[in-house]
2 protein chains.
Amino acid sequence: MGRTPSIDDEVLLRHLGEVFRHFGYEGASLTALSTASGLHRASLYHRFPSGKPGMAMAVLESVEQAFGTILAPLTSEDAPSVAVAEMARRVGTFYADGRLACVLDTMTLRGAPDEVRDRAARLATTWLTAMADVARRAGASAPEAARRARAALVHIEGSLVVARVLDDPAEFQLALDALPGTLTG
Amino acid sequence: MGRTPSIDDEVLLRHLGEVFRHFGYEGASLTALSTASGLHRASLYHRFPSGKPGMAMAVLESVEQAFGTILAPLTSEDAPSVAVAEMARRVGTFYADGRLACVLDTMTLRGAPDEVRDRAARLATTWLTAMADVARRAGASAPEAARRARAALVHIEGSLVVARVLDDPAEFQLALDALPGTLTG
DNA sequence: GTCTATATTTGGATAGAC
DNA sequence: GTCTATCCAAATATAGAC
C-alpha cells in the first residue's frame, strides 16, 4: 500500500489550483507550485507523472468536481430564483469573493497545452448548460435560456477580470447579486 | 542620426502587443516576441534596453495611445448614443472582432512586474472615466454614470474571455451592440 | 540598427537515497 | 512518498562584428 501522503489530494489540488489561477498556465512555475503546496518538485512529479500538464489537468478535474457541488442547487426542487441564489453563494465562495481568478480565463491563454484548453472549454459548456436548464425551468424558451446563460457567464468572468485589475472585488459581488435576475428573468 | 529602423515603432509594438495579449506577460517569450516581430532577440534588446518589462510597458503605452483614438468620439459633439456606437466600432477593430484578448486581462496576472500591472490598472481607469463622462452627458447622475461605465467594462472583458474559451467571437459582438444602451440608458 | 554568438539563469524533469 | 542532487532545455540577457 505504501506510505500515506503528507498532503491530502484535495488540499494539494486546491493549492496548485490557486497558483494556476493567479499566474496562468505558463506563469505557474514548478517552483511556485512547489512553494504553494509545500512539496518539493520531485514529489510533485511522483504525484503527477505526466508533469505540469498532468497537474493542470488534475486541477481542472478537481474544479469540475467542485462545480458538481456548486451547480447542484440548480437541479433541486427549489424555485429557480432560490436555486440560482444558492448557486451564486457557492460561486462566491469558490472564487474567494472575487480574489481568485477563473481557470477558464487564466488557463486558456495560448501556451497552455491543447488538452488543458479543451478541458476548460468543456467545463464552460457544462456550466452554461446547467444555467440554461434552470432558465428554461423558470419559463424561458430554449434560445432565450441559452442567451441568459451566456450573459450570466460573461458577467461573472468580466467581473472577475475587473475585480483583479482594479484590485476591488466589489464588482464581483454585484455580478453574483444580479445572477437570479439574469437567469430567471 | 544612426540607421533607420527596419520596422516602424508602431507596427513593432502592434506585433509585440499581440503576443502579450495571446500569451500573457510570462507566456510571452522573447522567442515568440522575436518571431512575431521579425526582429532577432538582440535587436529587441537594442530597441528596449530594459528588456521584456520595457517591451511590456511600451506596449501598454501604445495601447493607451490607441485608446486615445478609440475614446475620441466620446468627447465629440455627437449625441451620446451615436458617440458610444462609434467607440464600440473602434473597440471592435482594436480587439480584432473578439479574436484578441485584452491587455487588462492577460497582463495583470501575477508574475507580471508591478509597474506593468499598475499601468494596466491606470488604463482601465482612463477608460472607465471616459465612459462615465458620456453617461453623464446622456443624463445619468454621477454614481449612476460610474455604475454604467463599470458594467460596460465588465461586459466587454467578460465577452472577450467567453469568446476565447468557446472559440466563438459572437458574444463579443453582442457586447459591442449593447454598449450604447448600457451607457446612455 | 541588426545580426551571430554566447553567457547566465530559470524552468521542467529524472535518478536514486531514505 | 518525500527528499537531495542533478540533467537538459528554454528563457532572459549581453558582447561584439557588420
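Naming convention: chains lettered A, B, ... in sequence-line order (proteins, then strands); numbering from 1 in each chain.
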Starting at atom [atom1] of [X], determine the distance to atom [atom2] of [N], rounded to an integer number of angstrom.
X     : N      : atom1 : atom2 : answer
A:L12 : D:dT2  : CG    : P     : 8 Å
A:H40 : C:dA15 : NE2   : C1'   : 17 Å
B:L30 : D:dT14 : CG    : C1'   : 12 Å
A:L44 : D:dT4  : CG    : C1'   : 15 Å
A:K52 : D:dA11 : NZ    : P     : 11 Å
B:L33 : D:dT12 : CG    : P     : 8 Å
B:F48 : C:dT2  : CZ    : C1'   : 14 Å
B:R41 : C:dA7  : CZ    : C1'   : 12 Å

Would you indicate what B:R47 reaches in the nucleic acid, counting non-hydrogen atoms under 4.0 angstrom: base, sugar-phosphate, or nothing?
sugar-phosphate

Hey, does the Lys NZ or Arg CZ of B:R122 hover above the aromatic six-ring of B:F67, less than 6.0 Å from the centre and inside 45° of the axis?
no

Report yes if a side-chain nitrogen or oxygen of B:Y45 is closer than 4.0 Å to either non-bridging phosphate oxygen (OP1 or OP2) of D:dA13; otherwise report no.
yes

OP1 or OP2 of D:dT2 versus the side-chain N and O atoms of A:H46: is any pair under 4.0 Å?
no

Taking the minimum atom-to-atom distance to the side chain of A:S29, which one of D:dT2, C:dG12, C:dT2 wins?
C:dG12

Please tell me which of the listed nucleotides, C:dT2, D:dC3, C:dG12, lies nearest to the side chain of B:S43?
C:dT2

Quick check on the hydrophobic clustering: are A:V162 and A:Y95 connected, directly or via other members, by side-chain heavy-atom contacts under 4.5 Å?
yes

If you count heavy atoms of other groups shown closer than 6.0 angstrom to CD of A:E144, is the number above 12?
yes

For a 4.5 angstrom cut-off between non-hydrogen side-chain atoms, does A:F20 reach A:L33?
yes

Is any side-chain heavy atom of A:L60 less than 4.5 Å from a side-chain heavy atom of A:V116?
yes

On DNA chain C, compare the nucleotides closest to A:P49 and B:S6; which residue's is nearer the 5' end?
B:S6

5'-most by nearest nucleotide on DNA chain C - A:A28 or A:A42:
A:A28

